[in-house]
Trainee: 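Once you've had a glance at the structure underneath, I'll fire off some questions.
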Amino acid sequence: MPELPEVESVRRRIAPVMEDARFTDVIVRRRNLRAPFPKRFRERLIGRTVLEVTRRAKYLVVLLSSDETLLMHLGMSGSFRVDQEGDGTLSVAHDHVVFQMSSGAVVTFNDPRRFGFMDLVGAGGLSAHPVLSALGPEPLSAEFDGFALARACKGKRTSLKLALLDQRVVAGLGNIYASEALHIAGLSPLRRASTIATRSGLPHPSAHRLAAAITAVLTEAIERQSPTRQYRSARFRVYDRESERCRRGRCEGSIRRRTQGGRSTFFCPRCQR
DNA sequence: ATTGAGACCTGTCGGC
DNA sequence: TGCCGACAGGTCTCAA
């Protein structure tokens, strides 16, 4: 499910019911997801107030009144459900964690594949946490632009698509939006990543185009996810459209699928060079 | 240091 | 209908 836009939309959904509320109970139904839950997870949450729910890349970052921070990742199949206490909230398969909030909200984490992740971090240690410390720029922040992208791709011998999936290059892109951004920018996913930068790390015009495409595709996806929008599941430009006609202007190409790093890439060989 | 392959899990879908 | 393989929006670890 979740790349940056989906995580952002989850954040927007759970923030209003968690912020300013206390954890009145925390039920953990297994001892690990991708990694074990931290020691005394439940005890360290109960009674704490949620100050703010933020996001870094694909991680949800929940600031607590205890000076600790709850870090959560949805993996491939994680999701949150929000119910109201007393609404006959039944637990279903793969409900691994239940947060009961003093607001009466019940926030349930469900994750069939269990690639998700939760941890608690002390105040000072947040940016030093292993999962956060190496992350590249947030793509919707001011630090991200063609210069940053070119710098990160400088000297990289791997393909452009794989570089975009590298969270140290830009934080939050996943398999779908990497393909989408490359199509918008008209760049081949097979290109060597270093070709968008000069030897000294300065951007080629393609780096600016790609950075702009990334910003645009993510912004639009977040907008599309917002619950006030009707047209939820508008499909993608190239992702999962193998053999279909390219949708760019009057490009006559057809969408191809290739495997890169074990994952599917979709692109138009005609207009993406 | 960088890069690619494999591992972690369960569910779903298409083909036979 | 049932079985089987391929595949799924992520990230870590390991070996070359």
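Computed from a predicted model, the values in this text were never measured in an experiment.
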Trainee: Roughly how many Å apart are C/dC14 and B/dC9, using the P atom of each and rounding to a whole number?
Mentor: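 Between the two P atoms, the distance is 15 Å.
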
Trainee: Stem ranges for DNA chain C, with three or more consecutive Watson-Crick or G-U pairs under 3.5 Å?
Mentor: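 Ordered by first number, the stems with DNA chain C (at least 3 consecutive pairs each) read B:2-8 with C:10-16, B:10-16 with C:2-8.
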
Trainee: Applying salt bridge (Lys or Arg N to Asp or Glu O under 4.0 Å), can you list everything that pairs with A/R241, at least two apart in sequence or on another chain?
Mentor: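 A/R241: salt bridge (Lys or Arg N to Asp or Glu O under 4.0 Å) contacts with A/E244.
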
Trainee: Expressed as a whole number of angstroms, how long is the span from A/F115:CZ to C/dC12:P?
Mentor: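 It is 13 Å, rounded to the nearest whole Å.
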
Trainee: Got a sec, which pairs hit salt bridge (Lys or Arg N to Asp or Glu O under 4.0 Å) with one end in residues 17-26 of chain A, sequence neighbours left out?
Mentor: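 Of all non-adjacent pairs touching residues 17-26 of chain A, those that pass salt bridge (Lys or Arg N to Asp or Glu O under 4.0 Å) are A/D25-A/R42.
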
Trainee: Looking for any heavy atom pair under 4.0 Å, which part of the strands does A/G261 touch: base, sugar-phosphate only, or nothing?
Mentor: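 If one applies the 4.0 Å heavy-atom cut-off, A/G261 turns out to touch nothing in the nucleic acid.
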
Trainee: What is the first contacted nucleotide of DNA chain B and what is the last, in 5' to 3' order, if contact means an atom lying under 4.0 angstrom from a heavy atom of chain A?
Mentor: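 First-to-last contact on DNA chain B, by the 4.0 Å heavy-atom rule, is B/dT3 to B/dG11.
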
Trainee: Check side-chain hydrogen bond (donor to acceptor under 3.5 Å, both in side chains) between A/E8 and all other residues, then give those that pass, not counting sequence neighbours.
Mentor: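 A/E8: side-chain hydrogen bond (donor to acceptor under 3.5 Å, both in side chains) contacts with A/R11, A/R12, A/R55.
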
Trainee: Given atom CZ of A/R168 and atom C1' of C/dG10, what is their separation to the nearest angstrom?
Mentor: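 Between C1' of C/dG10 and CZ of A/R168: 15 Å.
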
Trainee: Using a cutoff of under 3.5 Å, can you pull out all pairs of nitrogen or oxygen atoms linking the protein to nucleotides 5-8 of chain C, with atom names and distances?
Mentor:
| unit_1 | atom_1 | unit_2 | atom_2 | d |
| --- | --- | --- | --- | --- |
| C/dA8 | OP1 | A/S264 | OG | 2.7 |
| C/dA8 | N3 | A/R113 | NH1 | 3.1 |

Trainee: For residues 113-127 of chain A, dump all side-chain donor-acceptor pairs below 3.5 Å to protein atoms at least two apart in sequence or in another chain.
Mentor:
| unit_1 | atom_1 | unit_2 | atom_2 | d |
| --- | --- | --- | --- | --- |
| A/D119 | OD2 | A/H129 | NE2 | 2.8 |

Trainee: May I ask you to evaluate whether A/R34 reaches the phosphate of C/dC12, defined as a side-chain N or O under 4.0 Å from OP1 or OP2?
Mentor: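 Yes, within the criterion.
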
Trainee: So, is A/H73 near the phosphate of C/dG10, with a side-chain N or O under 4.0 Å from OP1 or OP2?
Mentor: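 So the side chain of A/H73 is outside the cut-off, no N or O lying under 4.0 Å from OP1 or OP2 of C/dG10.
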
Trainee: May I have the distance from A/R114 (atom CZ) to C/dC12 (atom C1'), rounded to whole angstrom?
Mentor: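 Interatomic distance, CZ of A/R114 to C1' of C/dC12: 17 Å.
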
Trainee: Before you tell me yes or no, could you show the steps for A/E3 and A/K58 under salt bridge (Lys or Arg N to Asp or Glu O under 4.0 Å), namely the whole-Å CA-CA distance, both residues' side-chain angles and the distance that decides it to 0.1 Å?
Mentor: CA-CA 6 Å; A/E3 299 186 30; A/K58 300 169 195 167; 5.8 Å; no

Trainee: Considering only residues two or more places apart or on different chains, which pairs with a residue in residues 207-220 of chain A satisfy side-chain hydrogen bond (donor to acceptor under 3.5 Å, both in side chains)?
Mentor: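 Output for this query is empty, none listed.
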
Trainee: Can you check the distance between B/dT3 and C/dG9, where both ends of the measurement are the P atom (answer in whole Å)?
Mentor: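 The same atom, P, in both gives a distance of 22 Å.
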
Trainee: Let's go through A/N110 and A/S79 carefully: what are the C-alpha distance in whole Å and the side-chain angles of both, what is the deciding distance for side-chain hydrogen bond (donor to acceptor under 3.5 Å, both in side chains) to 0.1 Å, and is it a yes or a no?
Mentor: CA-CA 5 Å; A/N110 183 286; A/S79 62; 4.5 Å; no

Trainee: Quick one: list whatever passes side-chain hydrogen bond (donor to acceptor under 3.5 Å, both in side chains) with A/R256, sequence neighbours left out.
Mentor: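 If we apply the side-chain hydrogen bond (donor to acceptor under 3.5 Å, both in side chains) test to A/R256, skipping adjacent residues, there are no hits.
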
Trainee: For C/dT11 and B/dT12, measure between their C1' atoms and round to the nearest Å.
Mentor: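 Going atom to atom, C1' in each nucleotide, I get 22 Å.
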
Trainee: In chain order, what residues pass the side-chain hydrogen bond (donor to acceptor under 3.5 Å, both in side chains) check against A/R34, with sequence neighbours excluded?
Mentor: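 Partners of A/R34 by the side-chain hydrogen bond (donor to acceptor under 3.5 Å, both in side chains) criterion come out as none, since no residue qualifies.
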
Trainee: Could you give the CG-to-P distance, from A/N32 to C/dC12, as a whole number of Å?
Mentor: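 That distance rounds to 16 Å.
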
Trainee: Using atom CG of A/L33 as one end and atom P of C/dT11 as the other, report the distance to the nearest whole Å.
Mentor: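 Checked: the CG to P distance equals 15 Å.
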
Trainee: Tell me whether the OP1 or OP2 atom of C/dG10 has a side-chain N or O from A/Q167 closer than 4.0 Å.
Mentor: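 Checking C/dG10 against A/Q167, no side-chain N or O comes under 4.0 Å of OP1 or OP2.
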
Trainee: Going by side-chain hydrogen bond (donor to acceptor under 3.5 Å, both in side chains), name the residues that satisfy it together with A/S159, two or more places apart in sequence or in a different chain.
Mentor: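 Here the qualifying residues are A/Q260.
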
Trainee: What do you reckon, do A/Y177 and the base of C/dG9 stack, with centroid distance below 5.5 Å and planes below 30°?
Mentor: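 It does not: the two rings, one from A/Y177 and one from C/dG9, miss the stacking criterion.
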
Trainee: May I ask you to say whether A/E138 pairs ionically with A/R56, meaning some side-chain N is under 4.0 Å from a carboxylate O?
Mentor: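 Between A/R56 and A/E138 there is a salt bridge, with a charged N closer than 4.0 Å to a carboxylate O.
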
Trainee: Name all residues meeting the salt bridge (Lys or Arg N to Asp or Glu O under 4.0 Å) criterion together with A/R257; count only those two or more places apart in sequence or in a different chain, and write none if there are none.
Mentor: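 A/R257 satisfies salt bridge (Lys or Arg N to Asp or Glu O under 4.0 Å) with no other residue.
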
